[in-house]
**Student:** 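Attaching a single structure in structure tokens format; questions to follow.
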Amino acid sequence: MKIPFLDLKSQYQTIKSEIDSAIAKIFDNTAFVGGEIVEEFNQQFATFISAKHALGVGNGTDALIIALKVLGIKKGDKVIVPANSFIATSEAVSSVGAEVIFVDCDPDYYTIDIQKIRELLEREKQIKAIIPVHLYGQPADMESIMDLAKDYNLFVIEDCAQAHGAKINGKNIGTFGDISSFSFYPGKNLGAYGDGGSLVTNSSEYYKKAKMYANHGRIEKYNHEFEGINSRLDAIQAAILNVKIKYLEKWNKSRNRVAEKYNELLNNCSKIELPLIKDGNYSVYHLFVVRAQNRENLITYLNNNGIATGIHYPIGLPFLNAYKYKNHKSSDFPVTYNYQDKLLSLPIFPEMTDVQIEYVCKSIRDFYLNY
Ligand SMILES: *Cc1c(COP(=O)(O)O)cnc(C)c1O
């Protein structure tokens, strides 16, 4: 049996006629950048997240950069980011000239460790903002983070690239911090058929600034208040997202079904640590990340049996060559360091069948029986 890591083709088959006619309409209208379709999506997305404003931008990385710019983060400022994330989170901080400060992850939930943030804030001055990541689809501990932000006067930007629709006690992620960023990279829970992103906020002031910044700082055509960048969601992607967003809740539920099945079938496998979800959290399982003994051999075995896997992430951010200049030691981020050799992402996608899940779990068990 062949099990892909995710299956965008089979998802497309389920919505093909709607997608095809939505795209055809764009060619008829020839409004390729901006316009009604993009506005329609912004509205739909804001409603989905229960936020006041959503601004379609070029990608999720740009949404982070624009958020930092809007909040006035600049050279001399320091920004806290989790040690285990995709590089976009930290890259955005450096790209506005500020300094990245890594914090280790929680050993149970993989998201940023609150206690370690607290300790850091006691000794480090010049920290202006924190970017929690709702990693693998699970919300970071936003209540504690917002308390810290209040005590230390910090801005909070939520990196929601992996968690469209995740909730904490019924409240949507993306509505806790000052500004939130989302990615619509094809593999995300809500994915376009190209690059795309959204900046979400309840502040009309931040929204207005972000909208200008993402469009050359302009007030109107050829009248520019300040220098910005060009980062806009294009109409073809918006048309696709307008169709796909209607299915997002259903797809997120289906990802939860897959996760439940994995938990059930791998529950008493002593060589695998299953992901834990914090009380009150609704995860949207962008990824299903376990910690596996003898990982490299397990990956080879699964791949040989037709099962695709991933690692998120094989090298913790502080240990990448990109951050060599910070001279971090493994003991600075013990959890991230210890986990990078164990983390294993199993296939998860809404269309995954019970038969496929059973095959993955049986293959994992067979491997450990024999090795
Ligand atoms: C995907 C991702 C991003 C970046 O999104 P792009 O649209 O690819 O720029 C940022 N942060 C995290 C955690 C991501 O997973």
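What you see is a predicted model, and the numbers here were worked out from it, not measured in a lab.
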**Student:** Counting N and O atoms only, with roles assigned by atom type, does the side chain of Gln237 sit under 3.5 Å from a partner on the main chain of Asp234, one being a donor and the other an acceptor?
**Tutor:**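 Not at all, since once roles are kept as given, no pair shorter than 3.5 Å links the two residues.
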**Student:** Please evaluate residues Asp141 and Ser144 with respect to the criterion side-chain hydrogen bond (donor to acceptor under 3.5 Å, both in side chains), reporting the C-alpha separation (whole Å), side-chain torsions for both, the decisive distance (0.1 Å), and the verdict.
**Tutor:** CA-CA 6 Å; Asp141 182 355; Ser144 304; 2.8 Å; yes
**Student:** In Å and rounded to the nearest 0.5 Å, what is the CD to OG distance from Gln138 to Ser283?
**Tutor:**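 Result: 5.5 Å between the selected atoms.
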**Student:** Can you check whether Ala92's main-chain N or O pairs, donor with acceptor, with Ser95's side chain at less than 3.5 Å?
**Tutor:**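 Between the backbone of Ala92 and the side chain of Ser95 there is a qualifying donor-acceptor contact (under 3.5 Å).
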**Student:** More than 12 foreign heavy atoms under 6.0 Å from CD of Glu227: is that the case here?
**Tutor:**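 For Glu227, atom CD is not crowded (no more than 12 foreign heavy atoms under 6.0 Å).
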**Student:** Between Lys326 and Glu99, is there a salt bridge with N-O shorter than 4.0 Å?
**Tutor:**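 Looking at Glu99 and Lys326, the cut-off is met.
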**Student:** Does the side chain of Tyr337 come within less than 4.5 Å of Asp104's, by heavy atoms?
**Tutor:**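 Side chain of Asp104 against side chain of Tyr337, heavy atoms only: no contact under 4.5 Å found.
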**Student:** Tyr213: what forms a ring-ring contact (aromatic ring centres under 6.0 Å, His included) with it, not counting sequence neighbours?
**Tutor:**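 With sequence neighbours excluded, Tyr213 shows a ring-ring contact (aromatic ring centres under 6.0 Å, His included) to no residue whatsoever.
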**Student:** Whether the side chain of Thr201 engages the backbone of Tyr207 through a donor-acceptor N/O pair (distance < 3.5 Å, no angle test) should be reported.
**Tutor:**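 It does not hold such a pair.
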**Student:** Is a side-chain donor or acceptor of Asn252 paired with a backbone partner of His164 at a separation under 3.5 angstrom?
**Tutor:**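 At least one qualifying donor-acceptor pair exists.
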**Student:** What closest approach, in Å, do Ile168 and Pro139 show between heavy atoms, and which atom pair accounts for it?
**Tutor:**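 Ile168 and Pro139 have their closest heavy atoms at CG1-CB, 3.4 Å.
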**Student:** So Asp332 and Lys329, salt bridge (charged side-chain N to carboxylate O under 4.0 Å, His left out) or not? Walk me through it.
**Tutor:** CA-CA 5 Å; Asp332 294 341; Lys329 303 183 296 292; 3.7 Å; yes
**Student:** About how many Å separate OH of Tyr206 and NE2 of His53, when rounded to the nearest 0.5 Å?
**Tutor:**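 That separation rounds to 12.5 Å.
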**Student:** Checking Tyr185 now: which residues fulfil side-chain hydrogen bond (donor to acceptor under 3.5 Å, both in side chains) with it, not counting sequence neighbours?
**Tutor:**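 Per chain and number, Tyr185 pairs via side-chain hydrogen bond (donor to acceptor under 3.5 Å, both in side chains) with no residue.
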**Student:** Taking all atoms of both residues into account, what is the closest heavy-atom pair of Ile157 and Pro132, and its distance?
**Tutor:**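 What the structure gives for the nearest pair is O-CD, 3.1 Å.
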**Student:** For residues 312-321, tabulate all N or O donor-acceptor pairs below 3.5 Å that involve a side-chain atom, not counting sequence neighbours.
**Tutor:**
| from | atom 1 | to | atom 2 | distance (Å) |
| --- | --- | --- | --- | --- |
| His312 | ND1 | Ser345 | OG | 2.7 |
| Tyr313 | OH | Gln162 | NE2 | 2.9 |

**Student:** What residue pairs, at least two apart or across chains, pass salt bridge (Lys or Arg N to Asp or Glu O under 4.0 Å) with a residue in residues 169-197?
**Tutor:**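 Found none.
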**Student:** I need the full list of side chain to side chain donor-acceptor pair (under 3.5 Å) pairs touching residues 262-273, with sequence neighbours left out, sorted by first then second residue.
**Tutor:**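 Qualifying pairs, neighbours excluded: Asn268-Arg365.
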**Student:** Give every donor-acceptor pair under 3.5 Å between a side-chain atom in residues 114-129 and any protein atom, sequence neighbours left out.
**Tutor:**
| from | atom 1 | to | atom 2 | distance (Å) |
| --- | --- | --- | --- | --- |
| Glu122 | OE2 | Tyr152 | OH | 2.3 |
| Glu124 | OE1 | Lys78 | NZ | 2.7 |
| Lys128 | NZ | Asp77 | OD1 | 3.0 |

**Student:** Under a 4.0 Å threshold between the charged nitrogen and the carboxylate oxygen, would Asp354 count as salt-bridged to Arg257?
**Tutor:**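 The answer is yes: the pair qualifies as a salt bridge.
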**Student:** Are there over 12 heavy-atom neighbours, none belonging to Lys246, within less than 6.0 Å of that residue's NZ?
**Tutor:**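 Above 12, so yes.
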**Student:** Between Glu351 and Lys9 (side chain of the first, backbone of the second, donor and acceptor by atom type, cut-off under 3.5 Å), is there such a pair?
**Tutor:**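 Not a single qualifying donor-acceptor pair exists.
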**Student:** Under a 3.5 Å threshold, yes or no: a donor from one side chain and an acceptor from the other, between Ser363 and Asn305?
**Tutor:**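 There is no such pair (donor and acceptor under 3.5 Å, judged by atom type) between the side chains of Ser363 and Asn305.
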